[in-house]
Amino acid sequence: MPVSRMSWLSKLNPRGVATRARRSVSQHSPVTADPETCLMVFKNHWTQVLWILEKSETRQSPVAADDLTAVRNYTDQMMYLLAEERTQESGTIGPILEFVVLENVLHKLLVWHQKQDFSEEKKVELLKLYEMLIIQSHQPMLKHKAIVVPLMRLLSTCSEPTSSILESNLVLLLNQLCVSMAREPSILELFFHSPATDQGPTNLLIFSLLVPFIHRDGVIGQQARDALLLIMAMSASNHTIASYITDHSYFCPVSTFFQFVDTGLQHSYSSIA
């Protein structure tokens with residue numbers, strides 16, 4: 001990727017991401033155990049979580065508060081171990097990521113949460129976990145359907161946020177996803193064709209979720225506009241995205257679309273000159 005474009009992408013890291021990532025790291029001690037030990041700990045946590053998930057399926061009463069807290073705490077620790085894991089020397093994915101993919105861990109967690117009181121507060125918790133995985137992971141998480149599909153399904157439940165905290169976390173995560181896709185365009189196809197529940201006519205859910213925020217003031221509006229500029233820049237070399245924006249979205253007429261891209265890109269490049 002040309003140096004100028006990489007510099008531009010670095011400018012578009014959403015405000016607050018670095019601070020939040022550092023804060024998240026400070027909550028944990030660095031992982032110094034060997035990969036086998038980390039995998040064992042991860043599996044033990046997952047066994048505890050799975051026991052609670054399966055127990056709640058057999059009961060008619062609401063899940064106990066202690067069980068909800070246990071699931072949240074175990075999940076936080078599991079996702080931290082996953083984020084800290086590195087690719088093996090052979091170039092293959094680490095054993096924890098392999099386990100997450102094979103066991104469909106994130107899908108099972110999302111399905112369970114959706115069956116509970118799936119409040120906006122719970123959605124924010126899950127959005128933050130994905131944000132942490134994207135920002136801190138040492139492996140390419142977004143290349144795996146077992147990561148992307150539950151993420152897209154979670155995003156599809158956030159189409160009409162009513163709280164400011166959900167809006168800010170949603171746009172922040174969408175922005176980071178667009179930055180990741182711009183840096184690794186191969187990820188785009190997986191997102192575009194993932195079977196989320198309600199993605200619109202041609203499955204570009206991320207675009208649809210961002211559009212309502214582009215006229216907002218402050219950080220949230222800037223993050224949404226930055227993210228859309230990245231999508232539009234990618235459309236120059238991706239016919240599927242370009243077709244969606246010009247033929248199926250309600251964003252703007254074709255001429256205005258290209259004017260927006262040109263103006264936005266000029267502004268972005270001038271800011272790094």
Side-chain angles (χ1 to χ4, degrees), residues 1 3 5-7 9-14 16-50 71-110 125-152 154-155 169 172-191 194 206 230:
M1 182 180 295
V3 173
R5 188 179 176 193
M6 283 300 298
S7 300
L9 289 175
S10 67
K11 287 281 186 179
L12 294 181
N13 278 320
V17 168
T19 301
R20 181 179 293 177
R22 286 194 297 270
R23 183 168 64 249
S24 178
V25 169
S26 66
Q27 295 173 355
H28 300 269
S29 299
V31 175
T32 57
D34 62 273
E36 290 185 2
T37 301
C38 290
L39 177 61
M40 180 184 68
V41 172
F42 187 96
K43 286 183 174 181
N44 285 339
H45 288 345
W46 177 238
T47 297
Q48 297 299 318
V49 170
L50 201 55
V71 169
R72 182 174 64 252
N73 291 340
Y74 281 130
T75 301
D76 286 347
Q77 295 173 45
M78 288 163 54
M79 294 305 104
Y80 179 71
L81 287 170
L82 176 59
E84 285 293 294
E85 183 178 61
R86 298 177 183 273
T87 304
Q88 299 188 80
E89 293 183 1
S90 62
T92 57
I93 62 176
I96 294 178
L97 178 54
E98 182 179 14
F99 180 82
V100 168
V101 170
L102 293 176
E103 294 296 319
N104 226 357
V105 168
L106 292 173
H107 169 75
K108 292 175 181 177
L109 282 170
L110 177 61
E125 287 180 8
L126 294 177
L127 289 174
K128 287 181 177 179
L129 284 179
Y130 276 102
E131 179 195 334
M132 185 269 290
L133 283 180
I134 293 170
I135 295 171
Q136 295 181 222
S137 291
H138 301 287
Q139 300 181 89
M141 296 288 169
L142 298 178
K143 290 187 176 182
H144 303 281
K145 286 186 177 181
I147 306 292
V148 171
V149 172
L151 168 57
M152 296 298 283
L154 171 62
L155 291 175
N169 280 275
L172 179 60
L173 178 57
L174 292 171
N175 184 300
Q176 194 60 32
L177 286 172
C178 289
V179 170
S180 297
M181 287 189 288
R183 288 173 170 161
E184 187 58 58
S186 63
I187 297 173
L188 181 61
E189 289 300 315
L190 189 55
F191 271 87
S194 65
I206 293 175
L230 285 172

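Everything quoted here is computed from the prediction, not taken from an experiment. Excluded from the calculations below are hydrogen atoms, water molecules and symmetry mates; all remaining heavy atoms, backbone and side chain alike, are included.
Nearest approach of A182 to L230, heavy atoms of both residues: CB-CD2, 3.9 Å. The two residues T37 and D34 make their nearest non-hydrogen contact at OG1-OD1, 2.8 Å. Taking every heavy atom of both residues into account, L106 and P150 meet most closely at CB-CG, 3.8 Å. Scanning both residues, I134 and L177, for their nearest heavy atoms gives CD1-CD2, 3.3 Å. Closest heavy-atom contact between I206 and C178: CG2-SG, 3.8 Å.
A search for ring-ring contact (aromatic ring centres under 6.0 Å, His included) contacts involving H45 returns Y74, not counting sequence neighbours. Partners of R86 under the side-chain hydrogen bond (donor to acceptor under 3.5 Å, both in side chains) rule, at least two apart in sequence or in another chain, are H138. With sequence neighbours left out, the side-chain hydrogen bond (donor to acceptor under 3.5 Å, both in side chains) criterion links T87 to no other residue. Considering only residues two or more places apart in sequence or on other chains, Y130 meets the ring-ring contact (aromatic ring centres under 6.0 Å, His included) condition with none of them. Under the side chain to side chain contact (heavy atoms under 4.5 Å, CB included) criterion, K43 pairs with L39, F99, not counting sequence neighbours.
Summarising the geometry, atom CG belonging to L172 is positioned 9.5 Å from atom CG belonging to L127; distances are rounded to the nearest 0.5 Å. Considering CD of Q139 and CG of L133, their distance stands at 10.5 Å, rounded to 0.5 Å. Here M141 contributes atom CE and Q136 contributes atom CD; the two are 10.5 Å apart, rounded to the nearest 0.5 Å. The CD1 atom of I147 sits 9.0 Å away from atom CG of N104, with the distance rounded to the nearest 0.5 Å. The CE atom of M40 sits 6.0 Å away from the CG atom of N44 when rounded to the nearest 0.5 Å. Separation of atoms CE (M181) and CG (L142) is listed at 8.5 Å; rounding is to 0.5 Å.
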Would L155 and L173 count as a side chain to side chain contact (heavy atoms under 4.5 Å, CB included) if you check the C-alpha gap in whole Å, the side-chain angles of each, and the deciding distance to 0.1 Å? CA-CA 10 Å; L155 291 175; L173 178 57; 4.2 Å; yes

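Within a 6.0 Å sphere centred on NZ of K108, heavy atoms belonging to other residues, nucleotides or ligands number more than 12.
Inter-residue side-chain proximity for R183 and V179 is flagged as met; some heavy-atom pair is nearer than 4.5 Å. Side-chain contact between V49 and M78: present, with at least one pair of heavy atoms (C-beta onward) separated by less than 4.5 Å. Side-chain contact between H144 and V100: absent, with no pair of heavy atoms (C-beta onward) separated by less than 4.5 Å.
Annotation: side-chain hydrogen bond (donor to acceptor under 3.5 Å, both in side chains) contacts involving residues 88-101, sequence neighbours excluded, comprise Q88-T92, S90-T92.
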